[in-house]
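Here's the structure, in structure tokens; my notes come after.
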Amino acid sequence: MRRKIVVGNWKMNKTWEDARSLLMEINRFASTHKPKCLVIVAPPYPYLDRANDIFMHHVEVAAQNVSQFEKGAYTGEISAEILKSIGVKYVIIGHSERRTIHHETNEIIRDKVATALAHGLNPILCCGETLDQRVEEKHLDTVRAQIETMLDSVSSSQMQNIILAYEPVWAIGTGHTASPHQAQEMHELIRGILKEKYGDRIADETTILYGGSVNSGNADDLFAMPDIDGGLIGGASLNAGDFGSIINASCKHI
Ligand code: 13P
């Protein structure tokens, strides 16, 4: 059975003082409730190591990005090897903010996936269409092209280490969540692509998260859909109470 997962993507938020309080609150929630779903938090890079110390075994830590390069003269970049060496196990790759603001292409993202896997990191791999692409009814083709390129050189056994996340760009930080029906349609398509490439077992076992304005009010309806296995949460993950409610909503559907 595939794992239910809730990931909090903090993006570029919180000074250390605020971050520390939030990490401790999330740790307290996880220690008390012992959620059956996997909880992962992706704070800014400088807090990864300290987050790992605070969480111990209750919550996992993810980086928000990784370099596609191995090592060397890439000022400001962080390699998969460096992340691995401080005990990070997960990394978000291909977020739409990196695609648009930092001009990451599907090919760059494919290379990031390769280096992450080579160093034993588990990619949380994002895809999703823009509003224009949806209005022009190109959303299914867009996401298919993203998935096919990003997974181009990923083998069946490597696929077991990948978590996928569908995040429609028009739903990120806008308050306009995809309806459960819209999200389910896309998740079903993504699982279908995995079936074509890797067969039924891998497709059935791959966790596919939904992200885009998930909050404590809409999480339950989204997570009730058969192909939605949890969430990639932005804004609502910056508040321990909201994040806890979303974790509870996900655990309900195990
Ligand atoms: P919001 O939940 O703030 O819409 O952000 C979603 C997201 O981008 C998570 O990676």
Side-chain angles (χ1 to χ4, degrees), residues 4-14 18-19 22 26 37-45 47-48 51 59-66 88 90-104 106 109 112-113 116 121-131 133-134 139 142-143 146-147 150 162-180 182-183 186-187 190 207-223 225 228-250:
K4 303 281 179 183
I5 302 175
V6 176
V7 185
N9 176 11
W10 289 12
K11 309 189 180 184
M12 197 171 74
N13 288 296
K14 306 268 181 204
D18 294 343
L22 181 54
I26 294 169
C37 59
L38 175 61
V39 178
I40 304 175
V41 173
Y45 275 138
Y47 310 151
L48 286 170
V59 184
E60 295 289 350
V61 165
Q64 297 176 15
N65 182 31
V66 66
V88 173
Y90 297 87
V91 57
I92 297 172
I93 299 179
H95 193 282
S96 70
E97 287 149 18
R98 301 233 34 110
R99 291 171 185 269
T100 51
I101 304 166
H102 301 279
H103 311 293
E104 288 188 10
N106 286 330
I109 294 163
K112 291 186 173 206
V113 171
L121 294 176
N122 299 285
I124 301 166
L125 188 50
C126 305
C127 60
E129 81 285 359
T130 61
L131 184 57
Q133 288 163 334
R134 181 160 280 264
H139 51 295
T142 300
V143 170
Q146 289 174 341
I147 299 270
M150 294 186 306
I162 292 185
I163 299 162
L164 291 176
Y166 168 56
E167 295 206 307
V169 179
W170 48 272
I172 296 177
T174 59
H176 300 298
T177 322
S179 69
Q182 285 174 317
M186 189 62 85
H187 282 229
I190 295 169
T207 297
I208 308 175
L209 309 177
Y210 168 78
S213 296
V214 177
N215 58 42
S216 51
N218 59 28
D220 196 29
D221 287 345
L222 285 160
F223 298 164
M225 303 310 283
I228 301 181
D229 308 314
L232 178 50
I233 321 298
S237 73
L238 297 173
N239 176 287
D242 291 340
F243 193 50
S245 301
I246 294 168
I247 293 167
N248 284 341
S250 169

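Every number for a ligand or one of its atoms is a count from 1 in the order of the listing.
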Part of Ala171 with heavy atoms under 4.0 Å of ligand 1, whether side chain, backbone, both or neither: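 The part of Ala171 near ligand 1 is the backbone, not the side chain.
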Plane angle bin for Tyr210 and His187 - parallel if under 30°, tilted between 30 and 60°, otherwise perpendicular: tilted
With a 3.5 Å cut-off and no angle check, do the side chains of His95 and Gln64 form a donor-acceptor pair?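 No - no donor-acceptor pair under 3.5 Å links their side chains.
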So if I count the atoms of ligand 1 from 1 in the order they appear, which ones are less than 4.0 Å from some heavy atom of Asn9?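 Matching atoms, with element in brackets: 9 (C), 10 (O).
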Atoms of ligand 1, numbered as shown, that sit under 4.0 Å from any heavy atom of Gly212: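 Answer for ligand 1: 4 (O), 6 (C).
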Only counting residues at least two apart or in another chain, list the ones meeting side-chain contact (heavy atoms from CB on, under 4.5 Å) with Met225. Pro180, Gln184, Ile228
Which heavy atom of Leu48 sits nearest a heavy atom of Val61, and at what distance?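 So the minimum-distance heavy-atom pair works out to CD2-CG1, 3.2 Å.
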Considering only the protein, which heavy-atom contact is closest to atom 3 (O) of ligand 1, and what is its distance? Gly235 N, 2.8 Å
Checking the side chain of Ser96 only, and the main-chain atoms of Arg99 only, is there a donor and an acceptor separated by less than 3.5 Å?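 Checked: no pair found.
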Going by heavy-atom distance to atom 6 (C) of ligand 1, choose the closest among Gln64, Glu167, His95. Glu167
Could you check which of Gly173, Gly175, Gly234 puts a non-hydrogen atom nearest to atom 4 (O) of ligand 1? Gly173
According to salt bridge (Lys or Arg N to Asp or Glu O under 4.0 Å), does anything in residues 5-14 pair up with another residue at least two apart or in another chain? List the pairs.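 Qualifying pairs: Lys11-Glu97.
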Decide whether the shortest distance between a heavy atom of Ala236 and an atom of ligand 1 is less than 4.0 Å. no
